[in-house]
Amino acid sequence: MKILVPVKQVAVLDEDFELRDDGLDADPDFIDHESNEWDDYSYEAALQIMEAHGGVEVVPMTVGPEDAEESLRRCLAKGGERAIRVWDDALTGAGPATVAKLIAAVARREGADMVFAGTLSADHSYAMTGICVAAELGWPHVAVVTALEYQPGAATATVHRELEAGLVEKMTVECPAVLTIQLGINQPRYASLRGVKQAKEKPVDELSPADLGVSGEELAASASFRLRRMFKPARGQAELIEGTAAEQAARLASIIKELRGAA
Amino acid sequence: MSGILVIAEHRRGVLNPATLETIAAAAALKQVKPQPVAVAIIARNPDEFVGQVNAAGVDEIIKVAVPTDTFQSDVYEATVAAVVAARGPAVVLFAHTVDTWGYAAAVAVRGGFGCATDVFAVRYEGDALVATRAGYKEKLHMDLDFPGRQTVVLTLRGNVFKPIEEPGSAAVSAVDAPAVAARTAHLGYIEPDQTGDVDIAQAEYMLSVGRGVGEEDNIEQFKELADALGFTLGCSRPVADNGWLPKSRQVGQSGKTVVSCKIYVAMGISGSVQHMAGMKHVPTIIAINKDAEASIFSIARYGVVGDMFEIAKELRNHC
Ligand SMILES: Cc1cc2nc3c(=O)[nH]c(=O)nc-3n(C[C@H](O)[C@H](O)[C@H](O)COP(=O)(O)OP(=O)(O)OC[C@H]3O[C@@H](n4cnc5c(N)ncnc54)[C@H](O)[C@@H]3O)c2cc1C
Ligand SMILES: Nc1ncnc2c1ncn2[C@@H]1O[C@H](COP(=O)(O)O)[C@@H](O)[C@H]1O
């Protein structure tokens, strides 16, 4: 029984950043990378199932360039024996539906029984990828999962789906299934130093779309949108309070006092 | 393909008011490019909602009776696909909600449609439909288009398009729901925990802390500051998820909307869409964040770029 966990290395903008000359993205000089927060929770959910039952394999995977391997090693440091990285330079800038096509191809090739994606990516926040994977595979799916009961090999899983305003829905979903895992479903573990060291030795299979039987035409056709441009939004009207911390606090205190007096 | 199809959303017999915002977006597109606007109601008893979605600008209300009271992704996916096949719209609009996170993208993949989520502006440039959404924690916006796509699915951000109040005179029709076996089943709802010590929805003055608070031990000083100011302490999601404050104090989409709030002080909160969903209506928002580009400043009336601990310490001298 195998759980595939797609993880994303997300981009974080520096406090001062500039756009690239072509206006299609931020200048890479101002971008740092980190693991997507949601994927800590999905990976933890998979590891917990692995530890509670025999015969469960957890495989983290990513679609990303060489430096995205870091996110995979970060997973392997917590558990799991191998990872998969899919890449080809032609994938630069690929959107969620294209990434999902490749994740689905890996799920098929691996004979995965479940896919646990994150609910959202912290950089582009599409909230699409996991559901697109399910559509590619023709699998049932549930988005925004905050609790999970699953016995490996069972015909259904029982999940909580987090709705708006604190309401939760309890439901069952037939397996195999794609779940998108929400923050707070568990307490993700930290990797031990030993784990980090061991992870360096674990294999990361590198695959191209062609290895997965996905052609360049199929990838191009899968794009659900084309990016025209990125731009800095016009800023709101916030009046910035300058000065030392003491001066700033004094000003804030008087603003609050005045507004409350008026209210 | 032509025309705009809006998918109405409802839960437990109540129409999601965001549906009227979605209709407003459709009506605005129709103004610049004349085309029919249809609203599909997928429900066990669609008649319940017909009157409510009959807003100015809607030409047709399509009832689709399905054998389920609750959202089931398989049923909704197949049903939207059937309505699209029947009417051939160029644009399908949904509200960006937890339900549509769970199926709108699948509708697009299966139908070979274009798709963009969490869209907050949409327009035509020539014949091209252009959608605007945000990335990088709202620090950058992006314009997207959909070359070669006959049909485009968009999910629209809430509280952006002004809902239409004026009643309309739409024709009412019906489309048969396709027969599908749902592979999910509803077991029940779990109500939000109301046992919290305070109801932040009632609070007039709030001070909320976010992940910038760093660790659990730091909460106390902000609790004391809030008390001294006569403010109610709230938080963003990571603080509640970590158990540093009870879930009942969480402001935002999956927490509470601070309906009565007059002054909201946000400390160490970046301003995610989901947090802002619960507080961006507050007339006076004061943001304290060490990142000058944090998106919370885009909705704040007053901003301090600085360290929340230093400001908090200094503020204590004034109360
Ligand atoms: C379906 C769904 C529902 C959600 N519902 C909610 C919800 O109801 N409420 C909610 O809040 N979130 C919700 N979220 C989570 C949301 O996406 C964000 O992850 C969350 O709001 C981030 O919280 P934050 O701003 O505290 O943390 P971060 O985004 O990490 O921001 C921390 C901020 O603190 C600043 N900072 C750090 N140190 C300091 C310092 N010393 N002084 C000053 N500033 C400092 C940083 O510059 C940064 O801007 C939801 C997500 C999903 C997917
Ligand atoms: N490049 C990628 N490689 C692997 N998984 C990804 C990638 N992009 C997105 N995902 C998965 O999709 C989830 C949600 O991403 P998004 O649809 O961008 O909000 C992430 O938490 C990952 O599980």
Side-chain angles (χ1 to χ4, degrees), chain A residues 11 13 15 17 26 97 122-128 131-132 134-136 140-144 158 160-174 183-184 224-233 235-241 245-246 248-250 252-253 255-256 259-260 263, chain B residues 73-74 97-98 101-103 105-106 108-110 114-118 130 135-136 139-147 183-192 229 237 241 247 253-256 262-263 284 286-287 291-293 297-306 310-311 314-315 318:
Chain A
L13 293 186
E15 287 173 15
F17 67 91
D123 52 2
H124 287 328
S125 306
Y126 295 119
M128 282 177 69
I131 298 308
C132 292
E136 291 282 350
H141 49 84
V142 181
V144 200
T158 303
H160 286 180
R161 186 168 76 101
E162 179 191 278
L163 306 174
E164 285 80 7
L167 186 67
V168 168
E169 182 182 18
K170 191 171 180 183
M171 59 198 303
T172 56
V173 56
E174 289 177 19
L183 305 174
S224 42
F225 54 77
R226 177 179 68 179
L227 178 64
R228 281 194 161 194
R229 65 176 186 130
M230 281 202 198
F231 56 99
K232 287 195 184 186
R235 277 287 150 191
Q237 305 300 313
E239 177 192 321
L240 285 187
I241 298 169
Q248 290 170 321
L252 283 183
I255 289 169
I256 289 171
L259 286 169
R260 285 181 91 171
Chain B
S73 50
D74 286 328
T97 63
V98 172
W101 288 29
Y103 85 109
V109 168
R110 297 224 175 150
C115 182
T117 51
D118 199 13
V130 178
Y136 299 109
K139 289 180 179 180
L140 280 175
H141 287 182
M142 41 182 141
D143 279 346
L144 309 175
D145 63 8
F146 310 89
R183 293 168 296 175
T184 51
H186 171 80
L187 296 180
Y189 290 111
I190 303 167
E191 303 297 331
L229 286 169
R237 180 162 184 148
D241 276 347
K247 194 83 179 163
Q253 177 186 315
S254 54
K256 284 193 175 156
K262 293 179 179 153
I263 305 179
T284 303
I286 300 174
D291 176 2
E293 295 283 340
F297 290 121
S298 69
I299 58 160
R301 179 148 155 217
Y302 300 101
V304 173
V305 179
E310 271 182 54
I311 299 294
E314 294 293 343
L315 265 177
H318 298 274

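Letters A, B, ... are given to chains in the order of the sequence lines, protein chains preceding strands, and every chain is numbered from 1. Bear in mind the structure is a predicted one, so any value in this text is a computation, not a measurement.
Counting heavy-atom pairs under 4.5 Å between each of B:T117, B:D118, B:D143 and chain A puts B:D143 at the top. Ranked by heavy-atom pairs under 4.5 Å with chain A, the first of B:A108, B:G255, B:P192 is B:P192. In terms of non-hydrogen atom pairs under 4.5 Å with chain A, the most contact-rich of B:I286, B:V109, B:T284, B:T97 is B:V109. Your options are B:E191, B:K139, B:R110, B:R183, and the one with the most heavy-atom pairs under 4.5 Å with chain A is B:R183. Top candidate by heavy-atom pairs under 4.5 Å with chain A, chosen from B:Y136, B:W101, B:F146, is B:Y136. Ranked by non-hydrogen atom pairs under 4.5 Å with chain A, the options B:G188, B:S73, B:G114 are led by B:G188. Listed options A:Q248, A:E174, A:E136 were ranked by heavy-atom pairs under 4.5 angstrom with chain B; first place goes to A:E174.
Between B:V98 and A:E164 the shortest side-chain heavy-atom distance falls below 4.5 Å. Contact annotation: the side chain of A:L183 approaches that of B:R237 to within less than 4.5 Å [non-hydrogen atoms, C-beta and beyond]. Between A:K232 and B:L140, some side-chain heavy-atom pair lies under the 4.5 Å cut-off. Using a 4.5 Å cut-off on side-chain heavy atoms (C-beta onward), B:I263 and A:R260 make contact. Looking at heavy atoms from C-beta onward, A:L240 lies out of side-chain contact with B:V304 at the 4.5 angstrom threshold.
A:I255 touches chain B through its side chain: at least one heavy atom from C-beta onward sits under 4.5 Å away, while N, CA, C and O do not.
Counting all heavy atoms, side chain and backbone alike, A:I131 lies closest to B:A105 at CG2-CB, 4.3 Å. Listed here is the closest heavy atom pair of A:H124 and B:G135: ND1-CA, 4.2 Å. B:I190 and A:L167 get closest at one heavy-atom pair: O-CD1, 3.5 Å. Across all non-hydrogen atoms, the minimal contact from A:A249 to B:I311 is CB-O, 4.1 Å. Nearest approach of B:E310 to A:A245, heavy atoms of both residues: OE1-CB, 3.5 Å.
B:H186 places no side-chain N or O within 3.5 Å of a backbone atom of A:E169 that could act as its donor or acceptor partner.
Interatomic distance, B:H318 NE2 to A:L252 CG, rounded to the nearest 0.5 Å: 9.0 Å. Taken to the nearest 0.5 Å, the CE atom of A:M171 stands 9.0 Å off from the OH atom of B:Y189. For the atom pair CD of B:E293 and CZ of A:F17, the computed distance is 5.0 Å after rounding to the nearest 0.5 Å.
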